[in-house]
**Q** 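Got a structure for you, written out below as structure tokens; questions coming shortly.
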2 protein chains.
Amino acid sequence: MTTTLPASHAFDRAIALQPLTANLFSGATSDDYQNMVGPFGGVTAATLLNAVLQHPERIGEPVSLTINFAGPVQPGAFEIEATPLRTNRSTQHWLLLQRQGGEVVTSGTAFFATRRETWSEQQESMPAAPAADSLPQQIRQERSWFQHYDFRYVTGLFHPKEQIKEGREGTESLLWTRDNPPRPLDFASLTALGDVFAPRIFHRRQRFTPAGTVSLTHYFHADAAQLAASGDRPLLGQARATRMHNNYSDQVAHLWSEDGVLLLTSTQVAYYKE
Amino acid sequence: MTTTLPASHAFDRAIALQPLTANLFSGATSDDYQNMVGPFGGVTAATLLNAVLQHPERIGEPVSLTINFAGPVQPGAFEIEATPLRTNRSTQHWLLLQRQGGEVVTSGTAFFATRRETWSEQQESMPAAPAADSLPQQIRQERSWFQHYDFRYVTGLFHPKEQIKEGREGTESLLWTRDNPPRPLDFASLTALGDVFAPRIFHRRQRFTPAGTVSLTHYFHADAAQLAASGDRPLLGQARATRMHNNYSDQVAHLWSEDGVLLLTSTQVAYYKE
């Protein structure tokens with residue numbers, strides 16, 4: 001009898017990096033996570049974080065991550081430079097640069113730390129929502145990355161084909177989401193899941209306009225053990241905008257584990273054309 | 001008759017920079033804005049933004065800014081390196097590094113853009129609040145920077161001396177604030193005003209613990225003309241936390257002009273010791 005190793009998840013293949021020199025890694029875009037222009041930004045963000053996660057000088061776990069989408073990532077090879085800017089006793093600040101052909105396509109900073117146990121409290125409770133498996137899976141095929149996530153909307157679905165009258169919807173979406181097929185949660189997959197919300201301008205107007213994330217910031221509220229405890233079960237995500245003004249909209253989002261632990265607070269600013 | 005030029009505001013002196021070489025500027029900390037360890041972070045953030053604002057290659061106005069406080073800024077001289085990482089037709093991505101003695105003390109990224117007029121909407125309305133001048137000015141002398149801001153709390157004052165029972169307060173503060181003496185609003189002063197909220201852990205427990213901002217992200221919702229329209233009138237600021245867990249707390253904040261225009265969405269993650 002032979003046992004075959006399980007095939008790695010498409011997500012792990014998409015964020016895989018090979019070390020080149022001290023702070024330099026090489027990778028390549030994945031056809032599995034393509035968006036309209038270049039890869040799904042969440043996977044790009046996870047790939048940059050992954051450079052720190054596998055850096056031999058890394059200490060601690062991610063607390064904050066900011067990723068700036070400076071230009072389109074072309075299909076093919078890229079390099080990521082991950083430089084520890086400052087290492088203190090239990091904290092570390094990182095600079096992240098993704099380049100193609102010598103040009104910066106993505107920039108970022110990350111803060112890692114070793115946490116100690118302290119007084120703790122969660123202020124933002126998980127919103128009430130029907131169980132994930134009681135809701136229909138939203139099947140969308142337009143972009144390859146959609147097929148690698150399971151989306152089950154409670155409210156705030158973007159469905160322009162149903163001719164919702166413009167202005168009837170707000171900017172808030174509430175949905176269950178996870179990798180498809182399911183994959184145990186870790187910092188890399190949580191980073192990508194924090195960017196799965198469609199641009200708020202789509203929801204607000206229920207029509208499409210050229211749009212894309214410009215800058216994204218994640219605050220991780222959990223350690224690796226808490227993420228592992230979530231297993232491959234769905235997370236509840238909530239996203240809303242606070243102002244859309246002359247080409248730019250913000251987004252404030254949260255992701256909770258199925259049992260109500262707030263894992264991620266995420267904000268982003270997105271461009272919209274008109 | 002002689003006219004004397006008005007003395008510059010302490011804030012302008014604090015964020016002043018002299019160009020050294022192409023992307024390099026020199027500055028010095030100001031005694032007027034000292035906090036417990038080093039300068040008030042809002043002024044440090046404003047000083048890094050100021051390097052881009054006065055950079056000859058800058059295009060557009062700030063849309064997003066992330067500042068990471070990597071180590072204490074010592075009293076005295078510093079250098080700021082502001083590098084345009086990527087310039088597109090109407091957008092520009094910047095890398096910001098503040099150094100003392102060759103060591104990085106602060107890092108950051110900024111995104112600038114030229115906006116065009118589009119469909120726009122403000123979703124987050126200004127909370128109801130009594131007029132600023134109907135509220136007492138909060139006089140605090142413990143740190144020099146306090147004296148350069150006008151604080152008028154509606155709710156969520158940190159007042160541990162009044163022996164509020166631990167656990168009775170939430171994490172939300174609502175207050176009017178502006179420079180003291182008043183100074184016309186611009187991107188630099190708005191950047192600093194976005195960091196005036198005391199650590200949420202203080203408010204939540206109504207007691208002091210060593211704490212400090214680790215990373216801060218601002219999204220600017222207004223252009224220079226809208227900021228100028230606010231003049232030197234107070235802004236209404238609201239800040240709250242969503243989770244405090246093992247040394248780190250987040251904060252989600254908004255600042256509105258007196259007439260209700262949302263000018264800034266700001267998030268930060270702060271360290272707390274215990």
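Only a predicted model underlies this, so the values are computations on that prediction, with no experimental measurement involved.
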**Q** Do you know which of A:Arg116, A:Gln122, A:Glu274 has the most heavy-atom pairs with chain B at a distance under 4.5 angstrom?
**A**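 Top count of heavy-atom pairs under 4.5 Å with chain B: A:Arg116.
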**Q** Less than 6.0 angstrom separating the ring centers of A:Tyr272 and A:Tyr248, yes or no?
**A**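 They do not qualify: ring centres at least 6.0 Å apart.
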**Q** Which bit of B:Thr267 is near chain A, if near means a heavy-atom gap under 4.5 Å: side chain, backbone, both or neither?
**A**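 Both parts, backbone and side chain.
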**Q** Checking B:Ser173 against B:His203: is there a side-chain donor and acceptor pair closer than 3.5 Å?
**A**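 Yes, a side-chain donor-acceptor pair sits under 3.5 Å.
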**Q** Are any side-chain N or O atoms of B:Ser257 and backbone N or O atoms of B:Ser230, one a donor and one an acceptor, separated by less than 3.5 Å?
**A**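 Not a single qualifying donor-acceptor pair exists.
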**Q** Heavy-atom pairs under 4.5 Å with chain B: which of A:Gln123, A:Glu124, A:Arg243 has the most?
**A**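 Among the listed options, the one with the most contacts to chain B is A:Arg243.
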**Q** May I ask you to check whether B:Thr118 and A:Asn247 show a side-chain donor-acceptor distance below 3.5 Å?
**A**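 The answer is no; no qualifying pair exists.
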**Q** Measure B:Thr91 against the heavy atoms of chain A and call it side chain, backbone, both or neither at under 4.5 Å.
**A**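 Side chain only.
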**Q** Hydrogens and angles aside, do A:Trp94 and A:Gln92 bring a side-chain donor and acceptor to less than 3.5 Å of each other?
**A**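 Yes.
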**Q** Please flag which part of B:Arg86 lies under 4.5 Å from any non-hydrogen atom of chain A: side chain, backbone, both or neither.
**A**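 The side chain, not the backbone.
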**Q** Can a side-chain donor-acceptor contact be found between A:Thr106 and A:Thr44 if the only test is distance below 3.5 angstrom?
**A**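 No pair is found: no donor N or O on one side chain lies under 3.5 Å from an acceptor on the other.
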**Q** Name the region of B:Arg240, side chain, backbone, both or neither, that has any atom closer than 4.5 Å to a heavy atom of chain A.
**A**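 When you check distances to chain A, only side chain atoms of B:Arg240 fall under 4.5 Å.
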**Q** Would you tell me whether A:Thr213 and A:Gln268 have side-chain atoms, one donor and one acceptor, within less than 3.5 Å of each other?
**A**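 Looking only at side-chain atoms, A:Gln268 and A:Thr213 do form a donor-acceptor pair, the distance falling under 3.5 Å.
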**Q** Between B:Ser64 and chain A, with a heavy-atom cut-off of 4.5 Å, which part of the residue counts as in contact: side chain, backbone, both or neither?
**A**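 When you check distances to chain A, only side chain atoms of B:Ser64 fall under 4.5 Å.
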**Q** Under a 4.5 Å cutoff for heavy-atom pairs, which residue among B:Ile201, B:Val252, B:Val214 has the most contacts with chain A?
**A**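 Top count of heavy-atom pairs under 4.5 Å with chain A: B:Val214.
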**Q** Is it the side chain or the backbone of A:Thr66 that comes within 4.5 Å of chain B heavy atoms, both, or neither?
**A**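 The side chain, not the backbone.
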**Q** Relative to chain A, which of B:Ser120, B:Ala222, B:Ser249, B:Gly71 shows the most heavy atom pairs under 4.5 Å?
**A**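 Ranked by contacts with chain A, first place is B:Ser120.
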**Q** For A:Thr171 and A:Ala241, which heavy atoms make the closest approach, and how far apart are they?
**A**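 The answer is OG1-N, 3.0 Å.
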**Q** Do you know which of A:Asp223, A:Thr209, A:Leu95, A:Thr109 has the most heavy-atom pairs with chain B at a distance under 4.5 angstrom?
**A**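 Most pairs with chain B among the choices: A:Thr109.
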